[in-house]
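What follows is one structure encoded as structure tokens, with my remarks underneath.
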2 protein chains.
Amino acid sequence: MKRVAISIGDLNGIGISIALHSHNQIKKYVEPIYIIDKKMLKQASKLLGIKIPNDFKTISPDAQTFKIKPAKVSKKSGLYSFKSFQKAVKLAKAKKVDAISTLPINKESWAKAGVDYVGHTDMLRDFFKKDAIMMLGCEEMFVALYTEHIPLKDVAQKIELDRVVTFLIDFYNSIKPSSKVAVLGLNPHAGDNGVLGDEEKTIQKAVDIVNKKYQKEIFTNPLVPDIAFTPNSRKNYKYFIAMYHDQGLAPLKALYFDESINVSLNLPILRTSVDHGTAFDIAYSDIIPQNKSYINAIKYI
Amino acid sequence: MKRVAISIGDLNGIGISIALHSHNQIKKYVEPIYIIDKKMLKQASKLLGIKIPNDFKTISPDAQTFKIKPAKVSKKSGLYSFKSFQKAVKLAKAKKVDAISTLPINKESWAKAGVDYVGHTDMLRDFFKKDAIMMLGCEEMFVALYTEHIPLKDVAQKIELDRVVTFLIDFYNSIKPSSKVAVLGLNPHAGDNGVLGDEEKTIQKAVDIVNKKYQKEIFTNPLVPDIAFTPNSRKNYKYFIAMYHDQGLAPLKALYFDESINVSLNLPILRTSVDHGTAFDIAYSDIIPQNKSYINAIKYI
């Protein structure tokens with residue numbers, strides 16, 4: 001059974017509730033090691049009114065403990081969640097665990113704590129000096145993002161032949177897909193033969209180069225973006241390469257919001273994550289946060 | 001009962017089959033008048049092996065008749081479909097019908113016939129000298145497009161205050177929505193407070209101006225695009241304003257491809273249409289084209 005380090009996320013949010021509620025379920029799939037101090041764990045369990053399972057194995061993140069304040073953006077909580085994540089990454093790098101799974105952090109709290117990264121993936125890129133690929137989805141479909149958190153106006157100029165080729169090769173080597181992967185065009189109607197933009201020519205060239213390199217039809221020609229996700233089209237593909245954030249994530253989340261997870265590819269370690277935030281609005285309330293995304297993040301490992 | 005002129009679309013495609021198969025169904029909702037010659041109708045009905053219903057009322061498009069060639073891009077068929085559409089528009093303008101509904105045309109055939117428009121909406125804009133709004137969707141949700149058939153790289157610069165204000169006012173006056181309308185941001189995470197683009201500020205200003213003008217909360221603040229279409233968010237809205245083609249149509253078609261219709265708003269006449277093409281691959285074959293979109297286009301009237 002695989003050993004998985006679970007970074008505990010922002011303790012003012014819903015992460016710890018999900019971890020405690022789901023422990024008995026996830027231990028069927030993996031051997032979880034939670035990166036949290038016993039003291040913080042006790043505090044959270046008391047606040048939540050959930051008993052700590054006997055086999056809830058923890059490792060300290062070596063961070064300063066603090067008083068949990070539900071739903072509060074805070075420097076202390078931000079730093080704690082960062083240290084928990086950092087420890088998980090180091091354990092994976094040292095091969096003491098087989099993978100990591102991350103519970104949600106609060107970006108504002110990270111900023112308050114002086115953490116210089118906008119999120120988990122950003123830190124992983126810097127830590128491993130590798131161009132991580134962000135992929136979101138669930139068993140039914142996964143979407144990998146060619147560009148992520150950049151303004152829409154900057155997307156088109158990022159479609160450069162070398163970059164697309166590298167991305168496709170990295171994706172292929174990370175996933176080794178057993179069926180054809182859908183590559184989306186950039187423009188409406190995939191450019192309609194150049195009338196509505198011509199970045200599809202670059203994408204097409206990149207696809208041709210990579211398919212030729214591996215002597216296989218791995219990737220499709222650039223598909224019409226708003227047709228690629230129709231029910232009929234989805235029957236043909238499990239993996240989609242989207243050229244930009246909302247092109248891929250708007251349809252994915254319209255279809256599979258609750259089930260979806262976030263996977264970091266093209267790194268020396270495997271990292272999965274829930275695809276939701278700290279949900280401060282329901283943190284430490286009577287509402288039990290739903291855990292479909294968390295369970296799927298664990299199962300993916 | 002409303003009188004509706006139905007332009008017959010490209011006779012080498014599936015339009016006429018849909019019209020013949022669905023006549024008994026749509027006459028429950030409207031009084032249809034098909035813009036096709038008796039001669040062409042007989043030819044098609046024979047080829048399809050479908051009897052012409054007794055009450056299948058027609059008006060000639062005053063175009064040259066021709067020999068139907070299933071699935072063929074052709075000048076004659078292109079011109080015929082254009083004339084059929086033109087006649088329907090003229091009947092509506094003259095108030096001889098209450099609305100028009102259009103069956104699919106082939107854009108290449110229009111081009112071959114020297115028709116200077118890329119599609120129906122384009123012709124309507126020119127004919128009425130009005131800025132038609134393209135809206136797609138079904139009973140569950142409708143998406144109106146702020147920009148349509150332009151390259152992705154040109155989208156951001158189209159977000160200008162005056163244009164957005166005019167669009168929102170035109171949309172409001174066309175629909176008179178009874179519940180709040182979702183307005184999408186342009187950038188991932190709706191710009192994340194300007195970190196990922198700042199066009200949301202312009203959209204926000206436009207929303208504020210229009211809501212103030214009508215003294216009502218008609219439009220939302222710019223929503224995070226990939227969250228706006230999640231199941232929970234969709235519970236709150238029937239109408240969505242997308243800033244660009246694939247932002248709105250990729251999620252719409254992922255969810256409701258078969259049911260969706262196309263509506264032209266902000267014109268002196270009402271025009272609805274199926275949201276699919278001529279489907280040459282199944283034209284005049286044993287496969288009966290499905291008519292959900294057509295029925296919905298008629299029901300919308």
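Residue numbers start from 1 in every chain, and the chains themselves are labelled A, B, ... in the order their sequence lines are given, proteins ahead of strands.
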Quiz prompt | Rounded distance (nearest 0.5 Å) linking atom CD1 of B:Ile241 with atom CG of B:Leu145 | solution = 9.5 Å

Quiz item: Between B:Asp198, B:Ile150, B:Val155, B:Val118, which shows the greatest number of heavy-atom pairs under 4.5 Å with chain A?
Solution: B:Ile150

Self-check item: chain A interface, residue from B:Lys107, B:Lys153, B:Met243 that has the most non-hydrogen pairs under 4.5 Å
Solution: B:Lys153

Quiz item: Is the shortest distance from a Lys or Arg side-chain nitrogen in A:Lys238 or A:Glu140 to a carboxylate oxygen in the other one below 4.0 Å?
Solution: no

Quiz prompt | Note: B:Glu148-B:Arg125 ion pair, threshold 4.0 Å (strictly below) | solution = yes

Exercise. Could you tell me which of A:Thr230, A:Asp192, A:Asn187 has the largest number of non-hydrogen atom pairs under 4.5 Å with chain B?
Key: A:Thr230

Exercise. Flag yes if more than 12 heavy atoms outside B:Gln157 fall under 6.0 Å of its CD atom; otherwise flag no.
Key: yes

Self-check item: Spacing of B:Leu249 atom CG and B:Asp275 atom CG [to the nearest 0.5 Å]
Solution: 7.5 Å

Quiz item: Given a strict heavy-atom distance threshold of 4.5 Å, which part of A:Leu252 is in contact with chain B: side chain, backbone, both, or neither?
Solution: neither

Quiz item: Who among B:Ala156, B:Pro225, B:Gly191 has the most heavy-atom pairs with chain A under 4.5 Å?
Solution: B:Pro225

Quiz item: At a heavy-atom separation under 4.5 Å, does A:Tyr256 approach chain B through its side chain, its backbone, both, or neither?
Solution: neither

